[in-house]
There are 2 protein chains.
Amino acid sequence: MSNSADPSSAYSDTERAIFDAALQVFAREGRHGARMQSIADAADINKAMLHYYFRDKATLYEEVFGYTMRRFMASFGESLKEAPTFKETLRVFIDGYVEFVRSDEAAMRLMVQENLAGGHLLGDHLRRAKKRGGAPPKILVDTIEAASAADEIRPVDPHQTVLSVVSTCLFFFVARPTVEVMHPTAGDDWEGFVEDRKEHLFELIYCGLAPR
Amino acid sequence: MSNSADPSSAYSDTERAIFDAALQVFAREGRHGARMQSIADAADINKAMLHYYFRDKATLYEEVFGYTMRRFMASFGESLKEAPTFKETLRVFIDGYVEFVRSDEAAMRLMVQENLAGGHLLGDHLRRAKKRGGAPPKILVDTIEAASAADEIRPVDPHQTVLSVVSTCLFFFVARPTVEVMHPTAGDDWEGFVEDRKEHLFELIYCGLAPR
DNA sequence: ATTCCGTTCAACCAAATGGTTAAAAAGGTG
DNA sequence: CACCTTTTTAACCATTTGGTTGAACGGAAT
């Protein structure tokens, strides 16, 4: 677990407990649905402490969301290891990205919820990150563009392609309750299902991009 | 009033206005975040009317969610028109399903939110529908299985494949605010972007499934 | 006109919720 | 210890929110 611009590193134990509890509760109940009392209970502290460390509910949410967002952005870069061929790069990225989401489903829920709400908080962070140069999917787009130019894959719109990869890696976590009911094995063995899915996704997308 | 079949057909104007308003507000603010006053305002009626037609908030939500869920289930069948080849079937399904979601993003938001919350409401409906035989993706799974058996496509896990198709058709609506910032044209011309995406998705998935 | 009944409304109530406060512990420092 | 700062707590306050009530409105049947 790295810690660049990581709020959790310089915080006290209590602050950390609040932060983690808030992430879980906000992710489960939503920005508005989350109750300060629930967060306090989850952090096993008095409700007043929330206001002592974080001014109010809005501040706490923005802090938690901003931190989550930064990790989510960084995950693109971390999942995209250099590899000799595009084929290998794709495999490693799918594996890395799925693992990232699996390791912190609460963070994923926060991101998706903010998207659903269409709040300006998300837009602000995104535009700031984009202006700052390191737009998250930029590296992925470039990778696909390069592979396309080198005839490793057929000509495709790299932006659309990145979106497709991310969609397939992410959505089954979003719809996990539905998948667990619908899929024959996912309900009994989610971990195994995720492994199968990584393989399926790699094959589907790699074949879908291969030169004809 | 306890007409549990199709709320939209036998309801009065006021009831219908409440229903539509509730769908919009629940979709935007979430199950807990939605305020009865907001719904009343959106329906342009007095707050007391909500409790006159629907007992309380929970009842209203369940009614709205149940109706939305039924439409969502049905959309699979409606999008899956018979076509001579699997290639055509896939094209028509992608087009139909994307159009369905585009025509009612609020419904999609409701479904996704309930998935994120992991509530038992969703699970109950799903299991009931599955038991009742007509499990929604069943028809799609069968179609892919048949195409696979007829060597129209390479051998794949039909469940995984259906999930991939649905993911790619749905997720860009879920993450619409992010896409609008990240994609070069989606922000200025969403409609055009959706059209491009339908084409991209068809090609990606069809190539991904084609026999090798 | 009077009665009747479904509908609509303004005012109201009790509970939940976000947020405050003053004082008590806890912890370090001379 | 005495002094000061930081952390923690319980009780409290103001507002919001879900939900209720009783009266008024309006059309149709008597």
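All values below were derived from every heavy atom in this structure, side-chain atoms included, with hydrogens, water molecules and symmetry-related copies excluded.
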D/dT7 phosphate, OP1 or OP2: any side-chain N/O from A/Thr14 under 4.0 angstrom? no
I'd like to know whether the aromatic ring centres of A/Tyr206 and A/Phe86 sit less than 6.0 Å apart in this structure.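 For A/Tyr206 and A/Phe86, the ring centres are not under 6.0 Å apart.
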Atom CD1 in B/Ile153, atom CD1 in B/Ile144: separation rounded to 0.5 Å? 6.0 Å
Residue list, side chain to side chain contact (heavy atoms under 4.5 Å, CB included) with B/Ala117, at least two apart or on another chain: none
Over 60° means perpendicular and under 30° means parallel, so classify the ring planes of A/His159 and B/His183, tilted if in between. perpendicular
Tell me whether the rings of A/Phe76 and A/Tyr97 are parallel (<30°), tilted (30 to 60°) or perpendicular (>60°). tilted
Determine, step by step, whether A/Asp95 and A/Arg91 satisfy the salt bridge (Lys or Arg N to Asp or Glu O under 4.0 Å) criterion, reporting the C-alpha distance in whole Å, the side-chain angles of both residues, the deciding distance to 0.1 Å, and the verdict. CA-CA 6 Å; A/Asp95 188 77; A/Arg91 176 153 241 147; over 6 Å; no
Do any side-chain atoms of residues 186-194 of chain B form donor-acceptor pairs under 3.5 angstrom with protein atoms, and if so which ones, sequence neighbours left out?
{"from": "B/Asp189", "atom 1": "OD1", "to": "B/Gly192", "atom 2": "N", "distance (Å)": "3.0"}
{"from": "B/Glu191", "atom 1": "OE1", "to": "B/Arg102", "atom 2": "NH1", "distance (Å)": "2.9"}

Does either side chain, that of B/Ser164 or that of A/Arg197, offer a donor lying less than 3.5 Å from an acceptor on the other one?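 Short answer, yes.
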What I want to check is whether the side chains of A/Asp20 and A/Gln24 have a donor and an acceptor closer together than 3.5 Å.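 The criterion, which ignores hydrogens and geometry beyond distance, is not satisfied for A/Gln24 and A/Asp20.
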If you look only at pairs with a residue in residues 39-59 of chain A, which of them pass as a ring pair (Phe, Tyr, Trp, His ring centres under 6.0 Å), with sequence neighbours excluded? none
For residues 47-57 of chain A, which residues have at least one heavy atom under 4.0 Å from DNA chain C?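 Output list: A/Lys47, A/Ala48, A/His51, A/Asp56, A/Lys57.
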DNA chain C: 5'-most and 3'-most nucleotides touching chain A, 4.0 angstrom heavy-atom criterion: C/dT17 to C/dT21
Taking DNA chain D as the partner, which of residues 25-37 of chain B come within under 4.0 angstrom of it by heavy atom?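 Correct list: B/Ala34, B/Arg35, B/Met36.
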